[in-house]
Asks: 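Following this message is one structure expressed as structure tokens.
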Number of protein chains: 2
Amino acid sequence: MNIVQTVRERLPDLSKNEYKVAQVVLNDPEAIIHTSTATLAQTAAVSEPTINRFCRRIGCKGFPDFKLQLAQQLAKGTSYVNSQINDDDSVADVTDKIFAATQSALATAREKIDRDAVEATINCLVEARKISFFGYGASASVAHDAQNKFARFTTPAIYSDDHLVQKVAAINSLPGDVVLCFSHTGRTKMLCEIAQLAHENGATVIGITAKDSPLAKFCHIVVSTEVPEDTDHYMPMASRIAQMVLIDAIVAGFALAHGDDMKQRLARVKAGLKDSRYPANPSNNK
Amino acid sequence: MNIVQTVRERLPDLSKNEYKVAQVVLNDPEAIIHTSTATLAQTAAVSEPTINRFCRRIGCKGFPDFKLQLAQQLAKGTSYVNSQINDDDSVADVTDKIFAATQSALATAREKIDRDAVEATINCLVEARKISFFGYGASASVAHDAQNKFARFTTPAIYSDDHLVQKVAAINSLPGDVVLCFSHTGRTKMLCEIAQLAHENGATVIGITAKDSPLAKFCHIVVSTEVPEDTDHYMPMASRIAQMVLIDAIVAGFALAHGDDMKQRLARVKAGLKDSRYPANPSNNK
DNA sequence: ATACGATTTGTAATTTAATTACATTAATGT
DNA sequence: ACATTAATGTAATTAAATTACAAATCGTAT
């Protein structure tokens with residue numbers, strides 16, 4: 001998948017001259033993209049066929065294929081991915097790595113997303129009498145964010161980070177109500193409890209969570225965001241970003257399903273918020 | 001910048017046969033990547049030099065250059081970007097467009113980020129006696145999320161969405177306290193008020209916001225996330241995601257600045273949370 | 001040590017791809 | 001309708017990548 005990473009990994013398998021080529025490649029992958037076998041051979045001080053052999057050994061069809069993969073990798077900005085953050089990294093390094101990891105996570109999530117589940121979720125939400133958003137820890141801000149988005153529409157949207165308030169809301173669920181639960185692992189006990197209560201009381205329970213998790217058992221619909229391993233293992237980073245973008249997509253689909261009517265409403269909401277902002281025109285703010 | 005978009009825009013400038021080529025390209029950009037002039041010429045039913053001329057007119061150096069740009073574009077997933085969401089888009093289309101827009105926003109943010117400001121922010125936070133996170137609307141969840149992250153460390157981290165609570169916190173700021181304000185536009189009146197109060201009381205005010213905005217005036221440090229225009233103009237989407245990733249980077253830098261000691265603490269926090277989760281091993285959760 | 005085999009590497013030839021030069025055709029305006 | 005310009009294709013040229021094969025290097029066993 002990740003060509004730069006692959007080159008790095010296969011480094012020990014390479015012969016002396018192939019190794020030289022690898023060094024040149026790793027030293028400045030960007031440059032390779034606009035290079036021919038001839039010039040690369042020259043910079044690495046090897047012969048042209050060695051370049052070709054190098055590409056083959058790495059697992060590419062040939063040099064053009066290698067260049068292409070490299071180009072795509074770099075465009076994705078994922079050349080850094082999987083390279084763990086080190087203690088001696090500069091701030092710039094860390095920033096770059098975090099961004100890279102997130103970008104790659106989004107790319108994966110985008111590919112792996114279950115479009116049917118997303119569609120089903122939107123349909124549910126459009127029909128919903130009331131929507132509640134629940135999540136704990138890092139997922140709490142995702143739930144918060146989701147509520148924020150949906151508050152712009154007319155369907156009542158609930159969010160609270162108080163477990164008792166959530167419990168009450170879950171118990172008071174009726175058929176036609178939708179409960180959206182956020183959890184990366186799907187193993188948060190309190191959230192499972194909420195989901196179960198809501199389920200038992202007839203609400204439609206939707207989980208933005210891992211497939212086959214304990215939480216998934218209480219969900220009518222599961223939208224899983226299959227995000228590769230987080231860079232930082234101590235707190236979820238990329239996964240919750242993916243969840244948020246997923247919610248953005250769901251919100252957009254929701255708004256679309258409501259058609260023109262909704263557009264006008266959004267415009268009205270925006271106009272209504274105008275007074276709480278300073279005007280955009282720079283001449284107006286002293 | 002965006003090759004697919006460029007092709008679409010230049011469509012009227014093209015000659016009859018070049019247009020045919022453009023059609024083939026737009027119809028399946030993916031396919032082009034693994035194609036030669038010869039085969040593309042055949043599918044478009046034109047001659048080989050026409051392919052070359054097409055590439056030149058679009059602004060590329062030649063066919064290989066065109067292929068490369070296309071490959072990078074598609075890898076970035078930004079081929080859709082700038083293509084507004086239409087009323088007749090399917091759920092899959094909308095999802096794809098939202099993801100694409102976010103991915104492209106992240107890529108831009110990553111490039112444009114002010115690394116010095118990020119570094120300065122991290123240094124401030126490391127020295128901070130207390131950190132408060134404030135934001136309204138969509139930025140509220142960003143502030144919430146940030147607080148969540150920093151709560152894992154030992155520096156007191158405050159978040160509230162209650163304006164009065166925020167005001168009190170701002171007024172009670174002392175030198176050595178850091179106040180982090182989130183706002184995409186930097187024109188939210190209430191937030192400016194908070195920032196001003198905090199500033200007057202001697203806190204270090206950091207704004208994750210637009211440069212030269214009213215809010216920026218009250219900030220000691222401004223980290224701007226220059227994100228291109230949001231796809232959906234009715235609510236900020238990509239911009240707040242960029243802010244969150246930026247916070248991730250800052251948190252990572254913060255943790256790193258604290259060194260080993262912090263790693264152990266994070267591990268301990270994680271262990272402490274264990275009881276609130278079901279075990280990961282599937283055999284355990286019947 | 002040295003001779004054998006295997007592996008690596010380079011030279012030269014071949015194939016394939018891309019571009020250029022030029023001729024032909026089509027289109028447009030007078 | 002004719003002249004002029006633009007568009008297109010054919011054939012030639014150039015450039016790039018790959019293959020085939022020979023030379024060199026390296027390790028190993030005698």
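Model, not experiment: these values are computed from the prediction. Below, read A as the first sequence line, B as the second, and so on, with proteins coming before strands; counting in each chain starts at 1.
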Asks: Taking only the side-chain nitrogens and oxygens of S47(A), find out if one of them lies under 4.0 Å from OP1 or OP2 of dT9(C).
Replies: no
Asks: In chain order, what residues pass the salt bridge (charged side-chain N to carboxylate O under 4.0 Å, His left out) check against K211(A), with sequence neighbours excluded?
Replies: E226(A)
Asks: Can you tell me if CD on Q42(B) sees more than 12 non-hydrogen neighbours from other groups inside 6.0 Å?
Replies: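 Not more than 12 within 6.0 Å, no.
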Asks: State, yes or no, whether a side-chain contact exists between V46(A) and F54(A) at a heavy-atom distance under 4.5 Å.
Replies: no
Asks: Quick one: list whatever passes side-chain hydrogen bond (donor to acceptor under 3.5 Å, both in side chains) with T37(B), sequence neighbours left out.
Replies: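 Partners of T37(B) by the side-chain hydrogen bond (donor to acceptor under 3.5 Å, both in side chains) criterion come out as none, since no residue qualifies.
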Asks: Under 4.0 Å from any heavy atom of chain A: name the first and the last nucleotide of DNA chain D that qualifies, 5' to 3'.
Replies: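 The contacted stretch runs from dA17(D) to dT19(D).
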Asks: Calculate the interatomic distance between F54(A) atom CZ and dT8(C) atom P; express it in whole Å.
Replies: 15 Å
Asks: Identify, between R53(A) and T35(A), the residue whose nearest nucleotide on DNA chain D lies closer to the 5' end.
Replies: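 Per heavy-atom nearest nucleotide, the more 5' residue is T35(A).
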Asks: Decide yes or no on side chain to side chain donor-acceptor pair (under 3.5 Å) for Q243(B) and R240(B), but give the supporting numbers first.
Replies: CA-CA 5 Å; Q243(B) 287 180 355; R240(B) 75 184 200 304; over 6 Å; no
Asks: Using a cut-off of strictly less than 4.0 Å, decide whether T50(A) has a side-chain nitrogen or oxygen near OP1 or OP2 of dT8(C).
Replies: no
Asks: Quick check: on DNA chain C, is the nucleotide nearest K16(B) upstream (toward 5') of the one nearest S36(B), or the reverse? Name the residue that is more 5'.
Replies: S36(B)
Asks: If only atom types and distance count, is the side chain of E119(B) paired as donor or acceptor with the main-chain N or O of V91(A) below 3.5 Å?
Replies: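 Checked: no pair found.
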